[in-house]
Every structure is written in structure tokens, then in C-alpha cells.
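Remarks on the structure that follows.
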Amino acid sequence: MINSAAPYLMDSFLNLLNPHQREAVCHNGEGLLVLAGAGTGKTRVLTSRIAWLLSEGHCQSRDIMAVTFTNKAAKEMRERLEVMVAFGFSGLTLGTFHGICHRLLRRHAVAAGVDKNFQIMDSSDQLTFIRRLLREKQVDEKEFPPTECRSYINAAKENGVRAAAAPVPHKRAAAMRELYSWYEESCRREHKADFAELLLAVVELLRKDADLRTHYARRFLHILVDEFQDTNALQYEWLKLLDSGDNHFFAVGDDDQSIYAFRGADPGNMLRFQEELRSNTIVRLEQNYRSTGNILHAANRLIATNHNRIGKNLKTDQGGGAPINIIRATKDIEEAANIVIATKQLLETNMVADEVAVLYRTNAQSRLLEQAMIEYAIPYRIYGGTRFYERLEVKHALAYLRLIAGDDRDALIRVINMPPRGIGTRAIEKLQETATQMGSNLFAALEAVQIPKIGQFAALLRKIRALYASGADLPTLARAAIEQSGLLEHYSAKTEDTERAENLREFVNGAVLFQTSETDNEDNSPLLQFIANAVLESGEAQGAPSNAVNLMTIHAAKGLEFMHVFVAGLEEGLFPTSQSLNSINTAAIEEERRLMYVALTRARRELSLHYAGSRQVYGETKYLPPSRFLNELPADCLSTDAVDTLATPVPSITSVPQPSFQRTRLPRPPMPTDEDNIPDMRYRAGDTVLHPRYGKGVVIRRQGNGDDLQVQVTFKKLGIKTFKAALAPLKKISG
DNA sequence: TGTGTGCGCATTTTT
DNA sequence: TGCGCACACA
């Protein structure tokens, strides 16, 4: 059967690959781990692999599953495949972990014990849900902050653990577990699923249903996983459950780019994968097609400082290129100005704005940069804003659709008075009481309660639900949701809200588009699919000017590349963050270093690294020394200015390395409860200390250990003083 | 019911 | 320092 790329076409694609890439693409053994460095063509390898499998007749498209983390990555793979696989690849399972599990869960809802019409909660929906639950159970939100509860629940789920099985090491954990248990119960009762639930429910289903597991494990002869270093315990278990014993796993990842360990991602899964999923070969992709020699050299050297890594070295055929700049500013505002002025000069020499990026560690840093961009009239775009389906007005519109689809309590509360129709807290309380008296839910009470305005709302609800029952299509429903509800009118009336009204119209456009392009011909209604899609794929952040300088966190920059990259805020306490410096676990600082590695490897041609002598942090002026990462770069790829800059002692920590702690491989060492247990932790760079005579100062450097520990403290007026930590009358104020 | 005020908080966040 | 959220008020 011809279902794939014509052979001659495939040959031409194979010819584009280097020997290592080809080795991976044409791998014939069982499993394969591809260690793909930054800019080494990993997407090309993944897509070529699929094209090769099909063209060589190893399998049909329906036998392949390719999993990514982001919708963007899935989309990119799909687009590239469309070019490569001439005869199409319908039947191929390609999507995110969550997207694929979502489909499985809908298909096997009954077997999994969930309602077929379950609704997905995004993280903000989840928080609202938890808040309501806490209120219902009369739990003090001060004592159990909803966000902490959410983290607890998500972390448990991502480790594959239900409330019933959650460990209780201490009293608080017992309380958390009970909360988790209530949460599970409420989710079940109200047909809600959070993100992690999509995976956990499928994992549990596969755990218990051997037939189903065998079915899928046999079906997917080839399972390809992108960004394997980012998999968490639950995702890994899911993959393992799909192991039939003789299907083929193809994992692509880079442990050096693991920057989501803080969220439960475990790069150790790469090694586990090798052992447990029959991959006795690693193919290393080290030929980099992105950056100049200097940039790669710097990145290689920096990351070599990390102990806990599989190990690889990027190389390039390009020359050294421009040396890396390191630029010191006296203060943060000046740093922003330096970057923006340099950007302006680049643009004047015909650099395309899109090809310039300013990267930073924390979102808070974007403010000064943004101001400077405005001041110098440079078009810019900040990534990380509110995405389309996360916008307030769009969430309202979506809530109306949810109400059409079924009894959704949170959706009801959200829009019962949106647009305002005179239903206040008092009325809602009454509604709630009625529901309790009836021994039923809010929706039953809606029809029973004797409040005219609620009666009107109930009528509205009946009307749009009737529309659905009569078979109205998705765009009609979307239009009804914003028009009959009065939402559109409400936002159109306010001149300052024209953008919101515009977004609501865009919402309807989205529905029209979804209706026509809808590829997922499962047995679910387009309405449910549309809602789920909105949550799982909440869309681009914003449509800023098309050609603009890119401002984003380093996390957001992963996977992207730019001709010229500025990295801002390279200071101890900011990057690496003070939290990572204070951590007794070296894993934290290693993750920061990987983040730096990601930042460096975004640049194709030029790289400028910036730091400031002082910075406003939460209204306080902090004097932070330059980041250790700057000192970890080899001098021979830096500009001479850069070397001088680093050598200038302002406040200097030049080449004195921070005391490196013994690298233990303990997964999670116990957190210290009392700082005094570990005297070395008393003073860290960036800490604010109080001296009886000199006043407030900031620790900029520490040397030695135990009783010999010396700290250098910079005082606003007196400058830098050195103290013996054991003797000095210093008191730590913050850090 | 919408508006104001003040408190508390403040890495990173693919789904 | 700046904001987002919770609560108090008119």
C-alpha cells in the first residue's frame, strides 16, 4: 500500500541529514535515545523518522504515536510532515501528552469511570474550584492557601498518587490529603477534570484494564517522544504502560536543557528510559547548525560545570564569529537603556527587529526594558501575556457555552451576573439555600427560587439550551452566547472596552474556524470539543506588531533562536536566583546553569550579556555582584572589553568561585527547619544584614567555611568591609 | 452592586 | 516598588 513519501522524495530528505541524524532516523533496533543538543536539528530528525518509517513500509500511519509537550511543537511537526509525506498521514496520532490523553479519556470515559461530558479546568479554573471547596468546608484560606493546595494536588497527581494513597509524613500533610480527597470527590460529582487528571485517569485505566493496555501497546508500534527530559513521573508511567514488549520507543531530549525540574520534570527519565524501554544505544546530535563557534564554546564550557549530566559537546562548522560582549551598568535603568540603545543601533544597521531578543530570568525585569523600548520608540513584543482563551471576557463567553453543554456550577457562578443583571451575593446565597433545601443543585434551584431576576436568567439559559437541543451549529451557539446573554452589548457600550468586544467577535470567528477545520471526528459533539480545545490550547498571547523586538523570560525562549540575543540581569541573587543560592541542594543551582545554557544557545550570531551594579528589588536597592555564570565563560570567546569588565572590581568577586558544596545525589534532602543547624547558610550573597555601627549592608561575597567563614559586605556609605562571620556583630535581615 | 482602599506578596510555568 | 485580591463602604 502506498501511504507515504515517494521513495525518491525520501532519499532527498535523507541526503539533508548528517551521519548522526541519519543513524537516528534510520535506526532499526528496539528503542533509541537521541541526545539532541540545542540547534542540532531535533525536529528534523523526529519528522524524518516518521517519514522514513512510512516510506520504508515499516508501518502505517495509524501505528505511530508522536508526543510533544506543547501544541506549538505538535503543530510544527505536523506542518513539516505535510511537506515530507506526499501521500498524507491520516491516522497518525500526533499531539501533546494532554491532548492525546484527553481523547483517550473521552473515548473510554465509561471504562475510566468518568462522566462522558466531563469539563476540563485550566489552572485558574482549578483555583476557583479549590477556593469554593475550601469555603464549603469552612477551611481557613489563610492557613491553607488555595495556591498551596493546588500545588499539593497537582504534585500528587503528577506522581501518580491519589488522595487515598498519599503519604502522611506530618500533620499538615494529613490535612492536605483530606482536602485532596474532598477535591477528588467534588470533581467527580461535578464532572470536572484538571490537566493532570487527563493523564492520571488514563494511566489508572491502563493499569487496571489489561485488555485495553494490550490493545494500545500493540497498536502503537512506534512511539516517538519529544523533549523527553521534561517528562514527569506520570507521563513516564503512561509511556511505560504502552510498552508491549516489542514496540519501538524513540525518545529525543537534552538533559542540559532540562529547566522544568521545579515542576516535577525528571531528566532522570532519560536514563530510566534506556534501561527500561530497551534502548541500548544513544545517538548524540552534537553538530550545531545555529550558532557561531564562540557562542558554542562558551555554552559548552559553562554547562561542563554541572556534574549531573549525561554529557555532550556542541560543535559547528562555522567560524568563531563575533566575541561575546559583557556589559556592566551602574544600575538597572542604565542596563535597560544600554540594551535598548544597542538594539536601536542594530536596527539601524538593517537587523530585522524579529531577530533580536532580550531575555531575562524573571518577568518583573520586563518593566524597565519595556519603558526603555517605549522611550526609544522601538517596536517590541512581550511574550507571556494573557492568552486568548484566558482573557476575562472570553472566559465569560466560554462559560455560557459550558452552561449550554451541561450543569456547570462554576460557569453558572461566573456569569449569573455577567453582564450585570442585578443578581448580587444576596440573591446567590438565596439560590444556594434553596438548592440545599431541595436537596438538589443550583440548577434545580434556578427554576424554583422566587427571585424575578434569577427567573429571567433561567429563561435565558433555557433559551440557549433549546437552541443547542434543536441542533444549532457551533458558530450559532457561540453567537448566541455573546449576544443573547448581553455580553457583547455590555462590552460594546464601554468605549474603553472595545478590545474586549473585539475579542468576543474573535471568539465567534474561532468557533466558525473550528467548525470548518475540525479534524477530530470522534463521537463527541463539536461544542464539547470546542470547549476542551479552548482550554487545552489557549492560543497565542497577543497579536503585537509583526516585526518587533522580542522580550521574554528564558523559559519562554526555549526552542527559539535569534540573530542577536541580549541577556539581562546577570547578577548573583537574580540569575542565579537567591532561592537557588540559598538552597542546600546543588540541583537548584545546576538548573539555573542549564537555564543560562538555554539562554546562550538561543543566539545565532551575537550575544550580549548584561548586569547592573544595583537594582531595585521590591522597592529596595540591592547591590548584587555579577553572576557566577559570567566567570564560568572562557575568556577566549569574550570581547576584550568583556574581560576587562569582569576584571574590574566593582564590587568584585572576579574569579573567586563560590564554595561548591558536595554534590550529593540525594533526590530530596530534608529541608532545614532551623538555619542555625547549618551555620554556612547564615550569610549568602545578596543577603541584607544589619551592623550596629555601619547600618544596613548587603553581602556580596563569602569565603571559607565553618569558623573561618568570611563575608564581604557592602554598605551604602562606607563601601565594602570584610568580616569574620563567627565574630562580627552582624544580624541578617533578609535574604 | 460597583467602587475604593489596603494588605500581602513577589522565580521560572509547555498542559 | 507595583499588583492583585479580599473586603468594606455608599
Side-chain angles (χ1 to χ4, degrees), chain A residues 67-76 95-102 120-128 131 135 141-142 145-147 150-151 154 157-158 193-200 226-227 229-232 234-235 257-265 332 359-368 383-384 387 389-390 417-428 453 532-539 541 552-560 569 573-583 588 591-592 594-596 598-599 615-622 734:
Chain A
V67 199
T68 64
F69 276 84
T70 65
N71 293 301
K72 198 173 154 196
K75 188 173 162 219
E76 193 183 340
T96 63
F97 278 97
H98 292 85
I100 293 173
C101 283
H102 171 236
I120 308 172
M121 295 186 283
D122 68 18
S123 24
S124 74
D125 298 334
Q126 192 188 6
L127 198 63
T128 311
R131 281 214 178 93
R135 228 163 281 162
E141 291 191 16
K142 292 262 154 52
T147 49
R150 182 178 60 181
S151 305
N154 290 343
K157 288 191 174 191
E158 278 160 14
D194 56 44
F195 284 136
E197 183 66 26
L198 300 175
L199 285 142
L200 182 54
D226 190 18
E227 306 273 23
Q229 77 282 354
D230 288 339
T231 52
N232 63 30
L234 188 57
Q235 287 153 346
Q257 291 188 73
S258 161
I259 54 174
Y260 286 104
F262 73 93
R263 284 186 75 181
D332 48 6
L359 310 183
Y360 35 80
R361 180 65 182 83
T362 66
N363 280 311
Q365 290 168 259
S366 69
R367 213 187 91 246
L368 287 179
Y383 281 70
R387 292 183 296 182
Y389 285 104
E390 288 167 0
N417 195 39
M418 192 63 222
R421 42 174 81 88
I423 302 175
T425 28
R426 213 186 47 240
I428 293 173
K453 283 173 177 162
N533 185 271
V535 181
L536 284 174
E537 198 173 332
S538 51
M552 67 187 91
T553 63
I554 301 166
H555 282 91
K558 192 179 160 202
L560 305 177
L574 183 60
F575 189 20
T577 61
S578 55
Q579 292 93 330
S580 69
L581 292 174
N582 290 326
S583 169
E591 179 144 318
E592 295 288 305
R594 290 193 294 270
L595 203 47
M596 179 68 175
V598 168
R615 183 173 297 275
Q616 295 293 120
V617 183
Y618 308 143
E620 236 187 320
T621 307
K622 293 254 186 189
S734 72

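Just so it is clear: chains get the letters A, B, ... in the order the sequence lines come, proteins before strands, and each one is counted from 1.
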How far does the [atom1] atom of [N] sit from the matching atom of [M], given to the nearest Å?
{"N": "dT13(B)", "M": "dG4(C)", "atom1": "P", "value": "15 Å"}
{"N": "dA6(C)", "M": "dT11(B)", "atom1": "C1'", "value": "25 Å"}
{"N": "dT12(B)", "M": "dC5(C)", "atom1": "P", "value": "15 Å"}

Nearest-angstrom distance from the residue atom [atom1] of [X] to [atom2] of [N]:
{"X": "N71(A)", "N": "dT15(B)", "atom1": "CG", "atom2": "C1'", "answer": "8 Å"}
{"X": "E76(A)", "N": "dT14(B)", "atom1": "CD", "atom2": "C1'", "answer": "14 Å"}
{"X": "F97(A)", "N": "dT13(B)", "atom1": "CZ", "atom2": "P", "answer": "20 Å"}
{"X": "L560(A)", "N": "dT14(B)", "atom1": "CG", "atom2": "C1'", "answer": "12 Å"}
{"X": "D194(A)", "N": "dT15(B)", "atom1": "CG", "atom2": "P", "answer": "16 Å"}
{"X": "L127(A)", "N": "dT13(B)", "atom1": "CG", "atom2": "P", "answer": "17 Å"}
{"X": "I259(A)", "N": "dT13(B)", "atom1": "CD1", "atom2": "P", "answer": "9 Å"}
{"X": "R263(A)", "N": "dT12(B)", "atom1": "CZ", "atom2": "P", "answer": "13 Å"}

Worksheet item: On DNA chain B, nearest-nucleotide positions of K558(A) versus R421(A): which is more 5'?
Response: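 Of the two residues, R421(A) wins.
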Discussion item. Quick check on DNA chain B: between T96(A) and E591(A), whose nearest nucleotide comes earlier from the 5' end?
Written reply: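 Between the two, 5'-proximity favours E591(A).
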Item to complete: Check whether any side-chain nitrogen or oxygen of R387(A) sits under 4.0 Å from OP1 or OP2 of dT15(B), and answer yes or no.
Response: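 Yes.
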Practice prompt. Identify whether the distance between the nearest side-chain nitrogen and carboxylate oxygen of R263(A) and E158(A) falls below 4.0 Å.
Written response: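 Between E158(A) and R263(A) there is no salt bridge, as every charged N stays at least 4.0 Å from the carboxylate O atoms.
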Item to complete: Salt-bridge test for D122(A) and R387(A): reply yes if a basic N is under 4.0 Å from a carboxylate O, no otherwise.
Response: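 R387(A) and D122(A): not salt-bridged.
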Students often get this wrong, so: under 4.0 angstrom with heavy atoms, is [X] touching a base, only sugar-phosphate, or nothing?
{"X": "G99(A)", "result": "nothing"}
{"X": "I120(A)", "result": "nothing"}
{"X": "N363(A)", "result": "sugar-phosphate"}
{"X": "E158(A)", "result": "nothing"}
{"X": "T68(A)", "result": "nothing"}
{"X": "T553(A)", "result": "sugar-phosphate"}

Worksheet item: Do we see a donor-acceptor contact under 3.5 Å between the side chains of N154(A) and Q126(A)?
Response: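 Judged by distance alone, the side chains do pair up.
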Discussion item. Looking only at the side chains, is there a donor atom on one of S580(A) and E591(A) sitting less than 3.5 Å from an acceptor on the other?
Written reply: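 Checked: S580(A)/E591(A) side chains show no N/O donor-acceptor pair below 3.5 Å.
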Fill in: D332(A)/R367(A) under salt bridge (Lys or Arg N to Asp or Glu O under 4.0 Å): CA gap, chis, key distance, verdict
CA-CA 11 Å; D332(A) 48 6; R367(A) 213 187 91 246; over 6 Å; no
Worksheet item: Partners of F97(A) by ring pair (Phe, Tyr, Trp, His ring centres under 6.0 Å), sequence neighbours excluded?
Response: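 With sequence neighbours excluded, F97(A) shows a ring pair (Phe, Tyr, Trp, His ring centres under 6.0 Å) to F69(A), W238(A), given in chain and number order.
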Practice prompt. Answer yes or no as to whether dT12(B) has its base stacked against F262(A), where stacking requires a ring-centre separation under 5.5 angstrom and planes under 30 degrees apart.
Written response: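 Here the ring of F262(A) and the base of dT12(B) are stacked, with centres under 5.5 Å and planes under 30°.
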Practice prompt. Quick one, give me the B/S/- string for nucleotides 1-6 of chain C, reading 5' to 3', where B means a protein heavy atom under 4.0 Å from the base and S means that only happens at the primed atoms, P, OP1 or OP2.
Written response: BS---S
Discussion item. Side chain of S123(A), heavy atoms from C-beta onward: which of dG2(B), dT13(B), dT15(B) has the nearest atom to it?
Written reply: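 The answer is dT15(B), which lies nearest to the side chain.
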Worksheet item: How should the glycosidic conformation of dT11(B) be described, syn or anti, under the criterion that syn lies within 90° of 0?
Response: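 Syn, which is what one calls it when the glycosidic angle falls within 90° of 0.
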Worksheet item: Under 6.0 Å between ring centres, would you say that holds for Y383(A) and H555(A)?
Response: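 When the ring centroids of Y383(A) and H555(A) are compared, they turn out to be at least 6.0 Å apart.
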Worksheet item: With a 4.5 Å heavy-atom cut-off, do S123(A) and R150(A) have their side chains touching?
Response: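 Touching, per the 4.5 Å side-chain cut-off.
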